[in-house]
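Index from 1, following the sequence. Keep in mind the model is a prediction, meaning the values are calculated, not measured.
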Amino acid sequence: MALIATQFFLAGAGAFGATSFDAHKTVGSTLVLVVLLQLVVAALARRHVVHAAILVGVTVLQLVLGSLGADTPWIGAFHGLNALVVLAVAGTLVRKAFATPAAGARAATS
């Protein structure tokens with residue numbers, strides 16, 4: 001989630017001329033590696049694997065949209081919209097990962 005927030009900040013900094021988009025691109029590539037690692041961890045833990053795979057998918061799509069958007073602005077416009085999807089999917093996954101088991105589930109495992 002911190003990397004995603006950093007991405008929004010760096011995109012704004014690049015859009016308003018405070019810096020180039022180089023840092024935004026670098027953090028974006030790092031984010032793809034982090035979500036791939038997170039998918040491996042989810043698979044090993046056998047928890048939330050499908051949700052983790054969806055996060056990998058929308059994050060890779062984000063990278064593709066950003067790359068294609070450099071040459072085709074209308075495709076690039078979807079890069080910003082998909083950023084919201086990445087944020088939502090990641091936030092939901094974080095909430096699920098840190099959720100306390102329901103009372104019924106705790107009783108069943110006790």
Side-chain angles (χ1 to χ4, degrees):
M1 293 301 293
L3 285 175
I4 296 170
T6 301
Q7 281 297 81
F8 276 98
F9 174 79
L10 292 173
F16 290 100
T19 185
S20 72
F21 283 103
D22 291 341
H24 178 74
K25 292 175 186 176
T26 301
V27 173
S29 297
T30 302
L31 183 60
V32 171
L33 294 176
V34 168
V35 298
L36 283 170
L37 178 61
Q38 172 263 325
L39 176 60
V40 171
V41 170
L44 291 173
R46 295 182 180 161
R47 294 189 69 213
H48 314 301
V49 178
V50 172
H51 200 122
I54 291 169
L55 180 58
V56 170
V58 296
T59 304
V60 169
L61 176 61
Q62 185 69 350
L63 186 69
V64 170
L65 291 171
S67 297
L68 294 177
D71 297 325
T72 311
W74 283 109
I75 293 175
F78 287 101
H79 180 73
L81 287 176
N82 193 59
L84 296 174
V85 174
V86 172
L87 182 64
V89 172
T92 303
L93 182 57
V94 167
R95 182 180 52 77
K96 286 172 73 172
F98 289 101
T100 308
R106 273 184 268 152
T109 59
S110 296

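Within the 4.5 Å cutoff, the side chain of Q62 has no heavy atoms near those of the L31 side chain.
Atom-to-atom distance recorded for L68:CG and L63:CG is 9.5 Å, nearest 0.5 angstrom. Between the CG atom in L61 and the CG atom in N82 there is a gap of 4.5 Å [rounded to 0.5 Å]. Taken to the nearest 0.5 Å, the NE2 atom of H51 stands 5.0 Å off from the OG1 atom of T92. Note: T59 OG1 to I54 CD1 = 11.5 Å, rounded to the nearest 0.5 Å.
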Under the side-chain contact (heavy atoms from CB on, under 4.5 Å) rule, what do Q7 and V86 come out as? Steps first, then yes or no, please. CA-CA 11 Å; Q7 281 297 81; V86 172; over 6 Å; no
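Placement of L55 and V94 within a single hydrophobic cluster is found when ILVMFWY residues are connected by side-chain heavy-atom separations under 4.5 Å, directly or transitively. Taken together through direct or relayed side-chain contacts under 4.5 Å among Ile, Leu, Val, Met, Phe, Trp and Tyr, V49 and L44 form parts of separate hydrophobic clusters. Linking Ile, Leu, Val, Met, Phe, Trp and Tyr residues whenever their side-chain heavy atoms come within less than 4.5 Å leaves F98 and V41 in two separate clusters. Each of L81 and W74 belongs to its own hydrophobic cluster when Ile, Leu, Val, Met, Phe, Trp and Tyr are linked at side-chain heavy-atom distances under 4.5 angstrom. Tracing side-chain contacts under 4.5 Å through hydrophobic residues (I, L, V, M, F, W, Y), one never reaches L33 starting from V58; they form parts of separate clusters.
The two residues L39 and A52 have their closest heavy-atom pair at CD1-CB, 3.7 Å. Looking at every heavy atom in both residues, A42 comes nearest to H48 through CB-O, 4.3 Å.
The local environment of CZ in F78 is sparse, with at most 12 non-hydrogen atoms from other residues, nucleotides or ligands closer than 6.0 Å. In F8, the CZ atom is crowded: over 12 heavy atoms of neighbouring residues, nucleotides or ligands sit closer than 6.0 Å.
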